[in-house]
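Everything numeric in this text was worked out from a predicted model, so none of it was measured.
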Amino acid sequence: MQSLWLPAIRAQLALNRNNPADGVNALQAASPMELGQISFVANISCLYPVYVRGEAYLAAGQGSAAAAEFQKIIDHSGIVWNCWTGALAHLGVARGNALQSRTSQGADADAARVRALAAYKDFLTLWKDADPDIPILKQAKAEYAKLQ
């Protein structure tokens, strides 16, 4: 609780106060444990601290760092199972790379844009059978269209 959930809660509160730097700092305590499983709980962490850190990096304008955090969730799908963080991590990778493409120049911007497009496509493929009126899906489709 003290090492995993409390830092994540503090980070989310910092994000709600538009203070992403405090959010990232709050999650440092969770880093050593975030890829572990909680032995006495049937449910797993869903890598929520990693997800919140990715959101904090997005809010701080650090697209590359955000994409890396969300990619960590995708790379550890065995820990995430079917948690919502696993599905939304694809969108986080897309948004992180899209942000990087806007803040970089030249070949770096082009490469980030290509990665963003691929991640949006992955997200939209994953959600292809979802209700088309889901707000996050509508927003992702608009972001993808704008990037193309």
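The OG atom of Ser77 lies 11.5 Å from the CG atom of Asn82; values are rounded to the nearest 0.5 Å. Considering NE2 of His76 and CD1 of Ile79, their distance stands at 5.5 Å, rounded to 0.5 Å. In this structure, the separation between OH on Tyr48 and CZ on Arg53 is 12.5 Å, given to the nearest 0.5 Å.
Nearest heavy atoms, Ala112 versus Ser101: CB-N, 3.6 Å. Residue Leu15 comes nearest to Ala56 through the heavy atom pair CD2-CA, 3.5 Å, listed as atom of the first residue, atom of the second, then distance. Closest approach of Ala116 to Ala94, counting heavy atoms only: CB-O, 3.5 Å. Considering all non-hydrogen atoms of both residues, Gly54 and Ala66 come closest at O-CB, 3.5 Å. The shortest heavy-atom contact between Ala140 and Leu124 is CB-CD2, 4.4 Å.
In this structure, Arg113 contributes its side chain and Leu147 its backbone to a donor-acceptor pair below 3.5 Å. The main-chain N or O of Tyr51 is never found under 3.5 Å from a side-chain atom of Thr85 such that the two would form a donor-acceptor pair. Between the side chain of Asn97 and the backbone N or O of Val93, at least one donor-acceptor pair lies under 3.5 Å.
Linking ILVMFWY side-chain heavy atoms closer than 4.5 Å, directly or via other members, places Tyr144 and Val114 in two distinct hydrophobic clusters. No chain of hydrophobic side-chain contacts below 4.5 Å, direct or via other Ile, Leu, Val, Met, Phe, Trp or Tyr residues, connects Leu99 to Val24. Val50 and Leu88 fall within the same hydrophobic cluster, where Ile, Leu, Val, Met, Phe, Trp and Tyr residues are linked whenever their side-chain heavy atoms come under 4.5 Å apart, directly or through other members.
Each of Asp122, Leu91, Ile136 was compared with Trp127 under the side chain to side chain contact (heavy atoms under 4.5 Å, CB included) criterion, and only Ile136 meets it. Just one of Val52, Val80, Ile74 meets the side chain to side chain contact (heavy atoms under 4.5 Å, CB included) condition when paired with Leu47; it is Val80.
Between Leu13 and Asp22, every side-chain heavy-atom pair lies at or beyond the 4.5 Å cut-off. Using a 4.5 Å heavy-atom threshold, the side chains of Gln100 and Arg115 count as touching.
A salt bridge (Lys or Arg N to Asp or Glu O under 4.0 Å) check over residues 128-148, counting only residues at least two apart or in different chains, returns the pairs Arg95-Glu143. Sorted by first then second residue, the salt bridge (Lys or Arg N to Asp or Glu O under 4.0 Å) pairs that include residues 81-93, not counting sequence neighbours, number zero.
Residue-environment remark: CD (Gln105) stays at or below the threshold of 12 foreign heavy atoms within 6.0 Å.
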Please step through side chain to side chain contact (heavy atoms under 4.5 Å, CB included) for the pair Phe70 and Leu58, ending with a clear verdict.
-> CA-CA 10 Å; Phe70 292 118; Leu58 277 178; 3.8 Å; yes

